[in-house]
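What follows is a set of notes on a single structure, which appears directly below.
In what follows, chains carry the letters A, B, and so on, assigned in the order in which the sequence lines appear, proteins first and then strands, with residues in each chain numbered from 1. Keep in mind that what you see is a predicted model, and the values were worked out from it rather than measured.
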Protein chains: 2
Amino acid sequence: MFLHVDPDNGLAIYDQIVRQIKFAVATGALPPGEMAPSVRELARELAVNLNTVSKAYQQLQVEGVLESVRGMGLAVAAGALKQCRAERVKLVQERLREVLWEARQSGLDLDEVQKLIAAEMPAIDKKLAAKLKGK
Amino acid sequence: MFLHVDPDNGLAIYDQIVRQIKFAVATGALPPGEMAPSVRELARELAVNLNTVSKAYQQLQVEGVLESVRGMGLAVAAGALKQCRAERVKLVQERLREVLWEARQSGLDLDEVQKLIAAEMPAIDKKLAAKLKGK
DNA sequence: CTCCGTGTCATAGACGACTATGACAGTATG
DNA sequence: CATACTGTCATAGTCGTCTATGACACGGAG
């Protein structure tokens, strides 16, 4: 699968799962109508407890991203693609705002912050390319 | 004082205190030789428990940023300025890397990420200016 | 010396996140 | 029908963070 969680990332594991499922829907990796990985499968794959995945899926159901198909599992809802595309910007923006604020607060001026961002970008792209290739 | 903590920021409160003290030292707001605010004063100011501040100060002592002055309190160590200036870049860089990674992973391309950053910057600067003015 | 402020330590409790198990009702598949 | 899979629920335990409270030794100021 295309998911990966980090236990000590600040964000709770179930929250990371929620975000990444939304991202997968937004990018089209998980098209509407397709079944999401089962709670047991995903739990095993992420080396995480079953209930943690279940908690993430419950939240995704409440938000309308996933729909229960009785006896089959959870499917990506019809309107989820549009919804997730709109939401991912906000999700990223919120975290970005926090970090930028801390960066400026730390005494780094605008140029230095932009240099840091520019310096990180190549490594990020490289990592992303490796991930897509690996899949 | 120049510190402010957010209980649900992902980062633990004592960690936020550690980081911000380091930033204050790095920017010169807390010069070497000066006394850090007492645990009780800072705890009251941040509306946080005494032990939480104490935990942050203990870590700062271990890392050599603060030094105990018996009967007086904790003072900024001599070499702390240089040390904190070098470290703040790493502290910011680590968080920045995480967020940039998530942004790219969410399916946003490079241009969109940079647009988001550019869009946030003015608000950040405005907030920073307001903070400096308020002080 | 007395009073006050300093940091430090120990104990206990609340809370959220996560794990570990077991059990249940559904449905697809054979 | 039986098996295997699905999500869901309940319980209990661990762990880290934070809070609440009390106590201690130390040094400055009066």
Side-chain angles (χ1 to χ4, degrees), chain A residues 1 3-21 25 30 33-77 80 95 98, chain B residues 1 3-21 25 30 33-77 80 95 98:
Chain A
M1 264 294 286
L3 302 194
H4 177 262
V5 295
D6 180 7
D8 39 25
N9 201 36
L11 274 68
I13 294 180
Y14 71 90
D15 218 350
Q16 295 181 47
I17 296 177
V18 168
R19 296 170 80 97
Q20 292 192 28
I21 292 287
V25 173
L30 222 48
E34 189 149 316
M35 303 302 292
S38 81
V39 287
R40 288 174 176 80
E41 178 192 352
L42 190 53
R44 182 175 41 77
E45 206 154 340
L46 299 179
V48 144
N49 191 269
L50 184 153
N51 290 330
T52 304
V53 178
S54 184
K55 185 172 183 180
Y57 278 14
Q58 281 177 37
Q59 186 172 333
L60 286 166
Q61 273 184 88
V62 170
E63 296 187 39
V65 176
L66 297 183
E67 282 176 343
S68 176
V69 180
R70 299 202 300 182
M72 289 292 292
L74 297 175
V76 178
R95 290 199 72 191
E98 282 179 9
Chain B
M1 263 295 285
L3 302 194
H4 177 263
V5 295
D6 181 7
D8 38 27
N9 202 33
L11 274 67
I13 294 180
Y14 72 91
D15 218 351
Q16 296 181 47
I17 296 176
V18 168
R19 295 170 82 95
Q20 293 192 27
I21 291 287
V25 173
L30 222 48
E34 188 148 316
M35 302 303 291
S38 80
V39 287
R40 288 174 176 82
E41 178 191 352
L42 191 53
R44 182 175 41 78
E45 206 154 341
L46 299 179
V48 144
N49 190 270
L50 185 152
N51 290 329
T52 304
V53 177
S54 183
K55 185 172 182 179
Y57 277 15
Q58 282 177 36
Q59 187 172 331
L60 286 166
Q61 274 185 87
V62 170
E63 296 185 39
V65 176
L66 297 183
E67 282 176 343
S68 178
V69 181
R70 299 203 298 181
M72 290 291 293
L74 296 174
V76 178
R95 290 199 71 191
E98 282 179 8

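- The A:Asn49 side chain lies nearest to C:dT21 when the options are D:dT19, C:dT21, C:dT6.
- Of all heavy-atom pairs between B:Ala75 and B:Met35, the closest is CB-SD, 3.8 Å.
- When the P atom of D:dT19 is taken as reference, atom CG of B:Leu42 falls 12 Å away, rounded to whole Å.
- The minimum heavy-atom distance linking B:Ala36 with B:Tyr57 is given by the pair CB-OH, 4.0 Å.
- Between the A:Asn49 side chain and the A:Asn51 main chain, a donor and an acceptor come within less than 3.5 Å of each other.
- Atom P of nucleotide C:dT19 and atom CG of A:Asp8 are separated by 12 Å, given to the nearest angstrom.
- Rounded to whole Å, atom C1' of C:dT6 lies 14 Å from atom CG of B:Leu66.
- For the contact set between residues 50-63 of chain A and DNA chain D, defined by any heavy atom under 4.0 Å, the members are A:Leu50, A:Asn51, A:Gln58, A:Gln61.
- A side-chain contact (heavy atoms from CB on, under 4.5 Å) with B:Val65 holds for exactly one of B:Val25, B:Leu30, B:Val18; it is B:Val25.
- No hydrogens or angles considered: a donor-acceptor pair under 3.5 Å links the side chains of B:Gln59 and B:Glu63.
- Look at B:Ser38 and you'll find a side-chain N or O under 4.0 angstrom from OP1 or OP2 of C:dT6.
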Next item on the list: Summarise how protein sits on nucleotides 24-30 of chain D as a single string, 5' to 3': B when a protein heavy atom is under 4.0 Å from the base, S for sugar-phosphate-only contact, - for no contact.
Entry: ---SS--

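- Across all non-hydrogen atoms, the minimal contact from B:Arg19 to B:Leu11 is CD-CD2, 3.4 Å.
- Using modelled atom types, one side-chain atom of B:Gln20 and one backbone atom of B:His4 make a donor-acceptor pair closer than 3.5 Å.
- Contacts of residues 9-19 of chain A with DNA chain D (heavy atom under 4.0 Å): none.
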